[in-house]
Amino acid sequence: MRKLLDASDSDSCPGMETGLRVQTVGSLVLRYGLVLVIGWIGLMKFTEYEAKGIQPLVAHSPLMGWMYGFLTLRAFSHALGVVEVAIAILIGLRHWSARASALGSGGAVLMFLTTLSFLLSTPGWEPSLGGFPSLSALPGQFLLKDVVLLGAAIWSFGEAWTSSVRIHRKRSAGHESVREVKTNRF
């Protein structure tokens with residue numbers, strides 16, 4: 001029995017290796033799926049269809065509704081599209097820059113918190129179904145997916161931030177070693 005427990009705790013256990021591979025694939029699908037969703041939706045903001053689709057959500061929002069006071073429907077949608085595409089690109093840069101990815105992921109967290117606030121500000125309860133928790137298809141059920149996207153953005157932010165800190169520490173430690181060598185020569 002003890003031997004079985006030792007094998008299950010070992011990192012070289014085939015089951016563990018498979019689990020780690022699946023976890024790695026899952027993290028790639030999670031991050032780049034987030035990039036795909038945010039980027040695609042961001043590009044859609046450049047269409048009349050999407051500009052009109054978000055209008056009721058934005059108009060009812062105390063966080064964003066005021067923007068229609070000085071921006072047209074299309075101008076606001078285009079600006080939002082630029083922000084969303086930029087966020088997607090930054091998250092997607094994870095392989096090259098953990099810092100850029102952390103910045104984009106942090107932006108995505110703020111974006112999803114904002115869109116989830118629409119659940120509170122936009123009429124979305126379906127009265128014919130008895131009210132809470134009966135969400136209408138639009139905007140209720142449409143916005144509910146943002147809870148999962150928020151979770152993906154939080155995970156991506158944490159992973160990229162942690163990696164960025166590790167990289168910074170390694171670089172700092174490397175510079176300290178070089179300084180010590182130079183100082184010890186004299």
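We count residues from 1, following the sequence as given. The basis for the numbers below is simple: all heavy atoms, side chains too, and nothing from hydrogens, waters or symmetry mates. Since we're looking at a predicted model, the values are computed, not measured.
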- Query: Partners of Arg74 by salt bridge (Lys or Arg N to Asp or Glu O under 4.0 Å), sequence neighbours excluded?
  - Reply: Glu48
- Message: Measuring from atom CG of Leu116 to atom CE of Met111, what distance do you get when rounded to the nearest 0.5 angstrom?
- Response: 10.0 Å
- Item | Same apolar cluster: Leu103 and Phe112, side chain cutoff 4.5 Å | no
- Test Ser172 against His168 for side chain to side chain contact (heavy atoms under 4.5 Å, CB included), laying out the working first. CA-CA 6 Å; Ser172 294; His168 179 73; 3.7 Å; yes
- Message: Working to the nearest 0.5 angstrom, can you tell me the gap between Leu110 CG and Thr115 OG1?
- Response: 11.0 Å
- Query: How long is the span from the OH atom in Tyr49 to the OG atom in Ser77, to the nearest 0.5 Å?
  - Reply: 12.5 Å
- Rounded to the nearest 0.5 Å, how far apart are OG of Ser117 and CG of Leu63? 4.5 Å
- Query: Given the rule in the side chain to side chain contact (heavy atoms under 4.5 Å, CB included) test, do Glu50 and Ile54 qualify, once you have shown the distances and angles that lead to the verdict?
  - Reply: CA-CA 6 Å; Glu50 185 69 11; Ile54 64 170; 3.6 Å; yes
- Item | Closest non-hydrogen atom pair between Arg94 and Tyr32, with its separation | CB-OH, 3.9 Å
- Answer with yes or no whether the hydrophobic clustering places Met44 together with Leu57; edges join I, L, V, M, F, W, Y residues whose side-chain heavy atoms lie under 4.5 Å apart. no
- Item | Side-chain donor or acceptor of Ser105 paired with backbone N/O of Ile91 under 3.5 Å | no
- Message: Looking at every heavy atom in both Arg31 and Ser101, which two are closest together, and how far apart are they?
- Response: NH1-OG, 3.9 Å
- Task: Verify the cluster assignment for Phe76 and Leu73: are they in a single hydrophobic cluster under the rule of side-chain heavy atoms below 4.5 Å apart?
- Result: yes
- CG of Leu113 to CG of Asp146, rounded to nearest 0.5 Å, is 10.0 Å
- When clusters are formed by joining ILVMFWY residues with side-chain heavy atoms under 4.5 Å apart, either directly or through shared neighbours, do Val148 and Val109 land in the same one? no
- Task: Supply the atom-to-atom distance Glu84 CD to Trp40 CH2, rounded to the nearest 0.5 angstrom.
- Result: 14.5 Å
- Taking all non-hydrogen atoms of both residues into account, name the closest pair between Gly81 and Lys45 and its distance. CA-CB, 3.5 Å
- Over 12 non-hydrogen atoms of neighbours within 6.0 angstrom of CH2 in Trp155: yes
- Honestly curious: do Phe46 and Val83 fall in one hydrophobic cluster under the side-chain, below-4.5 Å linking rule? no
- Could you pull out the closest heavy-atom pair between Ile167 and Ala98, with the gap in Å? CD1-CB, 4.3 Å
